[in-house]
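Note that these values count all heavy atoms, side chains included, but never hydrogens, waters or copies made by symmetry.
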Amino acid sequence: MRPGRISKVLAMAAALALTLAACTSTPPPPNESTTSPTPTPGGNVTVLESAPFTSFNASSVTGSTSTNTRIEAATHSGFNHVGTDLKIVKNEKFGKYEKIKDQPLTIKYTINSGVQWSDGAPVTADDLLLEWAAESGYFNDATLDENFAVTTGTAYFHTAGDNTGLAQTEVPVIGDDGMSLTLTYTTPFSDWETALGTTVSVPAHVVAIRSGLADAPALSALMQLLSKGDAANPGPANPTLRKVADFWNTGFDTKSMPDPSLALSNGPYLVKAITAQKELVLTPNADYMWGEEPKLDTLTVHYESDPANQLGALEAQTADIISPAVTSERLDTLAGLKSAGVQIQQGQGLGFDQVVLNFQGVLSPPDFRTAFLRTVPRQEILELVAKPLNADAQLLNSFLFHPGHVPYKESVASSGINAFAQATPETPGAVNPGMEKAKELLDGARPTVRILYNKDDPTRLQEYSLIAAAATEAGFTVTDAGRNAGEWLAALKDGAFDVALYGWIRNSTGSVQVPQIFRTGAASNLNHFSDTVVDQLTAQLAAEPDEAKQNALKMQIDKLVIEAGYGLPLFQRTTLSASGKHVAGVEYSPLEIGPWASVSKWSYVK
């Protein structure tokens, strides 16, 4: 799975899907582990997903959904993947990649002989070159407005991600009879190991033929001849590349089973059938030998958006695997099903909740920001909101590290966040130092603050109630600016808040997403935070390949962000899935694909 990125073309809505950088590390263990029952070869397992499958290109703006990404994990493979321990796991059965030079940073990818698409065509460097073209934005010469709409020039490939890193590369060189691709960076890049080829998902030979070209080498020849796009001097769109990009953008979107050439696999499973709005059926890829081979005869995906119905289906044994959002009520229901053989996979995920302050408007004075943050009852939020969902939950004290990461304690000790660790007194009736400091900083002022949050999220609603009550006690006048699930993101984008309650999902590896959030004017800098030193540090971070030096830069950024009154992290969210008695091998994973990270291990139990 590729690291999360922000679309530069159409997708401000994708901003909250950005994965905030997390260094390679080991997350806290899941809360619960259970003994797997004895599996039986073959059989069928049924999974419930909340939304239907819609595209065989999960990298495109229209195809980037949770369900599509999970199906991609089961049907495609590549040079590496991120394990449950958040470490990069190489797949040398697929091929190898190696750093050829540091100056300039040069990476060579070589695909093994025998790795192929499910139509028998080999996976080649042509597939990698198409992926590079789409995700680098190399040929784009478009100028975008504040809503990411094209005003001049051409934006060819609409990728659901930021092109940081790959945008700093030259046109790759194909070698070794079409089986290797050498990529050279013009600027060092910290996340080079996951920038290209983690999952090879779009077959170049299909895109080429559907665009009117003879074959994949013809497509590669076209891309190697074209010049780099220049937004300052845009030219007319290349009609052939326009056809290629248009097909890449939407040609793999579908609600029913398409022509088989649009449903190719190079992973353990392949899509056999799709019934619109009802189900998707996966069967083993018989030719797959470059990874862990699947154990099921069929894997059936049904769609159910209502978590209560998901739980009911698991209890009735009409579904074998579900992954609803966690609530205390759902945990209680699942606990009651253990006697019927239900197993729970629960633990800390990569998502975390936070309070973020707008640097424009009423909280632009630093003393007002500090005053507000001193009132945030973090310990009370932990006890009343987080711990009912995960008894082992703890306060999160860093924007850039999580408790499982080695530099976390050092960063916490040096960042100054401990001043905000206890905004409420430990003893009822005792003096609240946080509240007293807030009143002192306000000095009689009564600023009116709008607090924005998703009213349809019960966790955020609880957070709002606690924060609003504490801020009111300190002297702030609080306006409930909460919106429903379909409106709050647009309000966040528009800056219709002074305080916002929302979360990021940390990226499983790497550092490059940090600049996307904290750099001045960055696409996911939603609160107008700006600091010249932070800008310099994030630029260094994006170009720093050494992990120890990355950590040192992150600790400096963490300290500066907290000192500036950016906001406060609250706690990590809990991930949840559950499996019935007729399936084994389902494992906890903090990754966005959840239980699908272990799909090759799933097996049927009679």
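A pairwise comparison of heavy atoms in L396 and H402 identifies CD1-CA, 4.2 Å as the closest pair. Closest heavy-atom contact between S60 and A160: O-CB, 3.5 Å. A pairwise comparison of heavy atoms in S530 and T520 identifies OG-OG1, 2.8 Å as the closest pair. When all heavy atoms are compared, the tightest approach of D353 to R573 is OD1-NE, 2.8 Å. Of all non-hydrogen atoms in Q168 and T187, the two that sit nearest each other are OE1-CB, 2.8 Å. The two residues R374 and A419 have their closest heavy-atom pair at NH1-O, 3.2 Å.
Not one N or O on the side chain of S411 forms a donor-acceptor pair closer than 3.5 Å with the backbone of Y408. Within the 3.5 Å criterion, the main-chain N or O of L357 finds a donor-acceptor partner in the side chain of N527. The backbone N or O of G486 lies less than 3.5 Å from a partner atom in the side chain of N484, making a donor-acceptor pair. Panel note: side chain S465, backbone L461; a donor-acceptor pair is recorded below 3.5 Å. Listed for the D191 side chain is no donor-acceptor partner under 3.5 Å among the backbone atoms of T194. Side-chain N or O atoms of T538 include none that pairs as donor or acceptor with a backbone N or O of R519 at under 3.5 Å. Using a distance-only test at 3.5 Å, with no hydrogens or angles considered, a donor-acceptor pair links the side chain of T151 to the main chain of T143. Side-chain N or O atoms of Q550 include one that pairs as donor or acceptor with a backbone N or O of E544 at under 3.5 Å. Counting only distance, with no hydrogens or angles, the side chain of S589 and the backbone of T84 share no donor-acceptor pair below 3.5 Å. In this structure, the side chain of N140 does not engage the main chain of A142 through any donor-acceptor pair within 3.5 Å.
Listed by first then second residue, pairs satisfying ring pair (Phe, Tyr, Trp, His ring centres under 6.0 Å) with a partner in residues 525-548 read F359-F529, F529-Y566, not counting sequence neighbours. Applying the side-chain hydrogen bond (donor to acceptor under 3.5 Å, both in side chains) test to residues at least two apart or on different chains, the pairs with a partner in residues 437-450 are R450-D498.
S415 and D558 are not linked by any side-chain donor-acceptor pair at a separation below 3.5 angstrom, with hydrogens and angles left out of the test. Judged purely by distance below 3.5 Å, without hydrogens or angles, the side chains of T198 and N80 pair a donor atom with an acceptor atom. Side-chain N/O atoms of Q379 and E383 include a donor and acceptor closer than 3.5 Å. Between S524 and Q516, the side chains place no donor N or O within less than 3.5 Å of an acceptor N or O (distance only, hydrogens not considered). In the model, S511 has a side-chain atom that pairs as donor or acceptor with a side-chain atom of K554 under 3.5 Å.
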- Please step through side chain to side chain contact (heavy atoms under 4.5 Å, CB included) for the pair I562 and F399, ending with a clear verdict. CA-CA 9 Å; I562 290 167; F399 282 109; 4.1 Å; yes
- Task: Kindly determine whether D480 and K455 satisfy side chain to side chain contact (heavy atoms under 4.5 Å, CB included), including the steps that lead there.
- Result: CA-CA 10 Å; D480 184 345; K455 281 190 168 183; 3.6 Å; yes
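Within the model, atoms CG of L196 and CD of E131 stand 4.5 Å from one another, a figure rounded to the nearest 0.5 Å. To the nearest 0.5 Å, the span separating CG on L363 from CZ on F368 amounts to 8.5 Å. Distance check: T327 OG1 to L389 CG gives 7.0 Å after rounding to the nearest 0.5 Å. How far CZ of F571 is from CG of L382: 8.0 Å, rounded to the nearest 0.5 Å.
Relative to the ring axis of Y97, K90 places its NZ or CZ within 45° and under 6.0 Å from the centre. In this structure, R483 is not positioned above the aromatic face of Y453 in the sense of NZ or CZ being under 6.0 Å from the six-membered ring centre and within 45° of the axis.
D535 has its side chain out of reach of F518: every pair of non-hydrogen atoms, C-beta onward, lies at least 4.5 Å apart. Annotation: side chain of E473 is not in contact with side chain of T375 (no heavy-atom distance under 4.5 Å). W596 places none of its side-chain heavy atoms less than 4.5 Å from the side chain of T69. Residues P447 and L442 form a side-chain contact, since some pair of their non-hydrogen atoms from C-beta on lies under 4.5 Å apart. Looking at V385 and L466, their side chains come closer than 4.5 Å, going by heavy atoms from C-beta outward. Using a 4.5 Å cut-off on side-chain heavy atoms (C-beta onward), V150 and L144 make contact. Residues L576 and P324 meet the side-chain proximity criterion, which asks for heavy atoms closer than 4.5 Å. With contacts defined as side-chain heavy-atom distances shorter than 4.5 Å, the pair L591/L350 qualifies.
Ring geometry for W504 versus Y502: interplanar angle over 60°, hence perpendicular rather than tilted (30 to 60°).
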